[in-house]
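In what follows, every chain begins at residue 1, and chains take the letters A, B, ... in the order their sequences are listed. Atoms considered below: every heavy atom in the structure, side chains included; atoms not considered: hydrogens, waters and symmetry mates.
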2 protein chains.
Amino acid sequence: MTSSPEAAPAGSAGLFDDVAFDVFARRCASRSALENITGRWGVLVLAALHDDTYRFNALRRRVDGVSEKMLAQTLHTLERDGFVVRTVQRQIPPRVEYSLTPLGRDTSAKLLELIGFLEHRMDEVVAARDGYDSARD
Amino acid sequence: MTSSPEAAPAGSAGLFDDVAFDVFARRCASRSALENITGRWGVLVLAALHDDTYRFNALRRRVDGVSEKMLAQTLHTLERDGFVVRTVQRQIPPRVEYSLTPLGRDTSAKLLELIGFLEHRMDEVVAARDGYDSARD
DNA sequence: CGGGATCCTAGACGATACTG
DNA sequence: CAGTATCGTCTAGGATCCCG
């Protein structure tokens with residue numbers, strides 16, 4: 001195996017010492033990949049695509065608040081990283097569908113777990129916020 | 001229990017219909033909470049704190065690339081949301097330790113799963129990037 | 001319908017300096 | 001050591017227009 005310039009520096013393995021990538025290292029490729037899937041819109045797009053394939057505007061409606069520009073940009077990034085597949089059906093009007101790769105599906109499963117967990121324990125978060133805020137009016 | 005203005009609009013439950021929070025809703029409190037834990041520095045801080053308690057500057061060294069300002073800001077946000085605890089020991093020089101609440105620990109466990117999964121499959125991501133980039137030089 | 005191109009602003013972010 | 005304060009930069013992100 002040749003050396004990968006994007007991997008973590010040799011000898012600085014992070015959480016898992018059996019892999020060459022370390023998100024804690026600033027320049028490691030896994031850091032940017034993590035940012036892409038946990039980014040503001042990345043998480044939501046991946047989570048949405050876990051259940052269904054979506055067309056652009058349907059996805060835009062599903063991910064409440066995303067602009068056209070950011071949705072397009074997010075989809076490009078996720079496609080480049082191998083999480084999302086873009087399928088074009090030439091016809092009038094054009095029909096473009098977005099779905100997940102196997103990698104994307106496994107990733108979104110993890111994200112869905114996180115989201116489900118968070119939604120189930122949001123009452124604790126809300127309580128913490130209330131306490132924190134009222135403690136310093 | 002009184003009605004919560006931050007919860008998802010009634011009738012618009014998202015992924016999990018047994019909770020009142022929906023990250024897909026723009027104004028739901030769970031959306032901002034999700035952003036706080038999956039944000040650029042939030043993930044890494046929570047992941048770092050899963051194993052150890054850290055002092056400010058040690059954490060700064062651990063999370064490669066974070067600035068003082070962003071670390072302080074991230075810690076404040078996570079403390080407010082009830083994920084992180086700040087413990088001050090008055091002495092000279094001052095000693096301040098950051099650790100996780102039970103909620104924070106459960107959350108970081110999920111994040112660690114995601115990170116581990118990603119690092120283990122980064123070769124697929126790297127390959128996808130190579131293919132994508134060479135396809136349109 | 002699916003987006004690319006442009007323009008613009010708010011806020012994210014980093015570097016530095018300073019305080020207890 | 002553990003921050004806060006200030007300032008400047010930069011880019012994420014929104015609004016708009018337009019084309020196939």
Side-chain angles (χ1 to χ4, degrees), chain A residues 24-27 31-46 48-49 52-81 84-99 132 136, chain B residues 23-24 26-27 31-45 48-49 52-81 84-99 132 135-136:
Chain A
F24 284 100
R26 189 180 356 191
R27 314 196 48 177
R31 175 95 139 223
S32 57
L34 182 65
E35 285 171 2
N36 292 339
I37 65 179
T38 62
R40 186 167 176 197
W41 304 118
V43 213
L44 297 175
V45 166
L46 287 173
L49 290 176
D52 278 292
T53 75
Y54 274 86
R55 298 178 61 179
F56 189 85
N57 281 306
L59 195 51
R60 185 154 148 56
R61 260 171 268 122
R62 173 71 174 130
V63 180
D64 187 25
V66 69
S67 68
E68 289 186 0
K69 177 184 170 180
M70 289 317 296
L71 181 56
Q73 183 175 303
T74 301
L75 286 167
H76 282 155
T77 305
L78 293 177
E79 189 191 356
R80 185 175 106 99
D81 282 4
V84 164
V85 183
R86 183 172 180 270
T87 311
V88 187
Q89 298 166 36
R90 270 210 183 288
Q91 61 184 52
I92 312 260
R95 184 185 187 85
V96 181
E97 307 229 301
Y98 292 92
S99 54
Y132 188 94
R136 59 211 87 198
Chain B
V23 294
F24 284 100
R26 189 177 0 189
R27 313 197 46 178
R31 175 93 138 226
S32 57
L34 182 66
E35 286 171 1
N36 291 339
I37 66 180
T38 63
R40 186 166 176 198
W41 304 117
V43 214
L44 296 177
V45 166
L49 290 176
D52 277 291
T53 281
Y54 275 87
R55 299 177 62 178
F56 188 85
N57 282 306
L59 194 51
R60 184 153 148 54
R61 262 170 266 122
R62 174 70 174 131
V63 180
D64 188 25
V66 70
S67 67
E68 286 186 2
K69 178 184 171 181
M70 291 316 297
L71 181 57
Q73 183 175 305
T74 302
L75 286 168
H76 283 155
T77 305
L78 293 177
E79 189 190 358
R80 185 175 105 98
D81 281 5
V84 163
V85 183
R86 181 171 181 272
T87 311
V88 187
Q89 298 166 36
R90 262 197 195 295
Q91 61 185 54
I92 312 259
R95 185 185 186 86
V96 181
E97 307 230 300
Y98 292 92
S99 55
Y132 188 93
R136 61 209 86 202

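With sequence neighbours excluded, the residues satisfying salt bridge (Lys or Arg N to Asp or Glu O under 4.0 Å) with A:E35 are B:R40. Under the side-chain contact (heavy atoms from CB on, under 4.5 Å) criterion, A:S32 pairs with B:R129, not counting sequence neighbours. Listed by chain and number, the residues in a salt bridge (Lys or Arg N to Asp or Glu O under 4.0 Å) with B:R31 amount to none (sequence neighbours excluded). Listed by chain and number, the residues in a salt bridge (Lys or Arg N to Asp or Glu O under 4.0 Å) with A:R60 amount to none (sequence neighbours excluded). A:R26 pairs by the salt bridge (Lys or Arg N to Asp or Glu O under 4.0 Å) definition with B:D64, not counting sequence neighbours. For A:T38, the side-chain contact (heavy atoms from CB on, under 4.5 Å) criterion is met by A:L34, B:T38, B:V43, B:L114, not counting sequence neighbours.
Atom-to-atom distance recorded for A:L59:CG and A:L71:CG is 5.0 Å, nearest 0.5 angstrom. Note that OG1 of B:T53 is 12.0 Å distant from CZ of B:R55, once rounded to the nearest 0.5 Å. B:S99 contributes atom OG, which lies 11.0 Å from atom CG of B:D52 (distance to the nearest 0.5 angstrom).
We find that CG of B:L71 is positioned 14 Å from P of D:dC1, with the value rounded to whole Å. Distance CE (A:M70) to P (D:dG14): 7 Å, rounded to an integer number of Å.
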Donor-acceptor pairs are to be reported for all side-chain atoms of residues 87-96 of chain B against protein atoms at under 3.5 Å, with residues two or more places apart or in another chain.
unit_1: B:R95; atom_1: NE; unit_2: B:E97; atom_2: OE2; d: 3.4
unit_1: B:R95; atom_1: NH2; unit_2: B:E97; atom_2: OE2; d: 3.4

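Listed pair B:H76 / D:dT4 meets the phosphate criterion, a side-chain N or O lying under 4.0 Å from OP1 or OP2. Regarding contacts with the backbone of D:dC1, every side-chain N or O of B:Y54 stays at 4.0 angstrom or more from both OP1 and OP2.
Recorded end-axis angle for the helix from C:dC1-D:dG20 to C:dG20-D:dC1 stands at 50°, based on five pairs per end and rounded to 10 degrees.
From the 5' end on, the contacts that DNA chain C makes with chain B at under 4.0 Å to a non-hydrogen atom open and close at C:dC13 to C:dG20.
Contact record, B:Y98 with B:L49: O-CD2, 3.4 Å, taken as the closest heavy-atom pair.
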Would you check, one step at a time, whether the test side-chain contact (heavy atoms from CB on, under 4.5 Å) holds for A:V45 with A:L78? CA-CA 9 Å; A:V45 166; A:L78 293 177; 3.9 Å; yes
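Each of A:V66 and B:V96 was matched to the nucleotide of DNA chain D holding its nearest heavy atom; the match closer to the 5' end belongs to B:V96. Mapping B:G65 and A:L75 onto DNA chain C via the closest heavy atom, the residue that lands nearer the 5' end is A:L75.
Closest to the side chain of B:R86, out of D:dA2, D:dG13, D:dC1, is D:dA2.
Sorted by residue number, the list of members of residues 32-45 of chain B with any non-hydrogen atom under 4.0 Å from DNA chain D is empty.
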Please produce a list of atom pairs where a protein N or O lies less than 3.5 Å from an N or O of nucleotides 16-20 of chain D.
none

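Applying the side-chain hydrogen bond (donor to acceptor under 3.5 Å, both in side chains) definition to pairs two or more places apart or across chains, none involves residues 67-79 of chain A.
A:R55 comes within contact range of the sugar-phosphate backbone alone, with a heavy-atom separation under 4.0 Å but no base atom that close.
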